[in-house]
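Some notes on the structure that comes next.
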Amino acid sequence: MKTLAKWSVGDYHRMIEAGILRDRRVELLAGEVCQMSPETPIHYNTTKRGTKYLEELLAGKADVRFNGPITLSDSEPEPDIAIVRLPESAYNDRHPEPQDIFWIVEVAQTSLKKDLELKAAIYAEAEIQEYWVLNLSAKQMIVFRYPENGEYATEQKIEAGTVIPLAFPDIRVSVERLFG
C-alpha cells in the first residue's frame with residue numbers, strides 16, 4: 001500500500017514561494033499537488049467566451065474570474081471561471097475563499113471525470129452552493145446545487161435554454177451562449 005504525504009494550503013503556498021512549482025501547471029486538490037489537464041483550443045475559447053458573457057450579465061454585481069485560484073480548507077483549485085463577491089480589490093492579498101464564492105464553472109473535455117467526481121466533492125465539501133460543468137463533448141451543462149455532507153443534493157443536465165443562478169434570481173444565463 002502506497003502512502004502519500006498530504007499537503008496543507010500553507011505548505012502549497014510555501015512551495016510556490018520557494019519556486020518548487022515554477023513552470024508546472026498544478027493545483028492543490030484534497031491535499032495532493034495534481035497536474036492540471038492540458039487546455040485544448042476549444043476549452044480555452046469556451047472558457048474565455050463564457051467569462052466575457054458572464055461579465056456582461058453580472059457587471060456591477062460580481063467579479064468574474066478567469067483561470068484563477070480559490071482557497072479552500074485543503075485545496076487550492078484553479079477553476080476555469082469563478083463568480084465571486086465584489087470588490088475585486090478584496091483579493092489583492094488573498095484568493096477568494098468559500099464565503100466569497102457565488103458559484104464555479106468548470107469547462108470539461110479531457111478533465112470531465114475529475115470535474116464531475118473529485119472537484120464536485122471538493123466544492124461540495126467547501127459548501128459552495130452552486131457548481132456548473134460545461135461538458136464540451138456532449139454540449140451539455142451539468143448544474144450541481146445545495147451541498148450536503150460533502151456532496152451536492154441536486155444534479156441537473158441541461159442542453160438548451162436558460163439557467164437562473166441561485167445567487168442572482170434576476171439573471172438568466174443562456175446555455176447556448178456559454179458554449180459559444
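Any value given below was found using the heavy atoms of this structure, including those in side chains, with hydrogens, waters and symmetry copies removed. Since this is a predicted model, take the numbers as computed values, not measurements.
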Please check if [X] and [Y] belong to a single hydrophobic cluster, counting links between Ile, Leu, Val, Met, Phe, Trp and Tyr side chain heavy atoms closer than 4.5 Å.
X: Ile83; Y: Leu134; result: yes
X: Val107; Y: Val64; result: yes
X: Ile128; Y: Leu58; result: no
X: Val143; Y: Tyr123; result: no
X: Met36; Y: Leu28; result: no

Quick check for you: to the nearest 0.5 Å, what is the distance between [X] atom [atom1] and [Y] atom [atom2]?
X: Gln156; Y: Ile142; atom1: CD; atom2: CD1; answer: 11.0 Å
X: Met15; Y: His13; atom1: CE; atom2: NE2; answer: 10.0 Å
X: Asp63; Y: Ile101; atom1: CG; atom2: CD1; answer: 11.5 Å
X: Lys52; Y: Ile81; atom1: NZ; atom2: CD1; answer: 12.0 Å
X: Ser75; Y: Lys119; atom1: OG; atom2: NZ; answer: 9.5 Å
X: Asp74; Y: Leu72; atom1: CG; atom2: CG; answer: 8.0 Å

Verdict with supporting geometry, Trp103 and Gln129, side-chain contact (heavy atoms from CB on, under 4.5 Å): CA-CA 7 Å; Trp103 82 91; Gln129 292 301 301; over 6 Å; no
With a 6.0 Å cut-off (strictly less than), is the heavy-atom count around [atom1] of [X], excluding the residue itself, greater than 12?
X: Glu88; atom1: CD; value: no
X: Lys48; atom1: NZ; value: no
X: Lys6; atom1: NZ; value: yes

Quick check against the 3.5 Å criterion: does [X] have a side-chain atom that pairs as donor or acceptor with the backbone of [Y]?
X: Arg65; Y: Pro79; result: no
X: Thr40; Y: His43; result: yes
X: Glu148; Y: Ala153; result: no
X: Tyr53; Y: Ser174; result: yes

Looking at every non-hydrogen atom in both residues, tell me the closest pair between [X] and [Y] and how far apart they are.
X: Glu27; Y: Pro77; value: OE1-CA, 3.4 Å
X: Gln35; Y: Val26; value: CA-CG1, 4.1 Å
X: Arg85; Y: Phe102; value: NH1-CE2, 3.3 Å
X: Thr154; Y: Tyr146; value: OG1-CD1, 3.7 Å
X: Pro96; Y: Pro69; value: CD-O, 3.6 Å
X: Thr110; Y: Ser37; value: OG1-CB, 3.6 Å

message: Is it true that Glu76 and Thr71 share a donor-acceptor pair across their side chains at a distance under 3.5 Å?
response: yes
field: Check: Phe66 ring centre within less than 6.0 Å of Tyr44 ring centre
entry: yes
Could you check whether any side-chain heavy atom of [X] comes within less than 4.5 Å of a side-chain heavy atom of [Y], counting everything from C-beta outward?
X: Leu21; Y: Ile16; answer: yes
X: Thr46; Y: Arg49; answer: yes
X: Val9; Y: Ser73; answer: no
X: Gln109; Y: Ser137; answer: yes

Salt bridge (Lys or Arg N to Asp or Glu O under 4.0 Å) partner of Arg145, chosen from Glu130, Glu127, Glu151: Glu130
message: Between the side chains of Arg94 and Asp100, is the shortest nitrogen-to-carboxylate-oxygen separation below 4.0 Å, so that they form an ion pair?
response: yes
- request: Verify side-chain contact (heavy atoms from CB on, under 4.5 Å) between Asp80 and Glu106, making sure each step is shown before the conclusion.
  value: CA-CA 5 Å; Asp80 294 310; Glu106 293 283 7; 3.1 Å; yes
Quick one: side chains of residues 158-172, donor-acceptor pairs under 3.5 Å with protein atoms, not counting sequence neighbours, listed by atom name and distance.
from, atom 1, to, atom 2, distance (Å)
Glu159, OE2, Gln140, NE2, 3.3
Asp170, OD2, Lys61, NZ, 2.4

- request: Assess whether side-chain contact (heavy atoms from CB on, under 4.5 Å) is satisfied between Leu29 and Lys114, documenting all intermediate values.
  value: CA-CA 10 Å; Leu29 300 176; Lys114 179 168 73 170; 4.0 Å; yes
message: Please determine whether side-chain contact (heavy atoms from CB on, under 4.5 Å) holds for the pair Glu155 and Leu116, giving the CA-CA distance in whole Å, both sets of side-chain angles, and the decisive distance to 0.1 Å.
response: CA-CA 10 Å; Glu155 175 183 333; Leu116 293 178; 5.7 Å; no
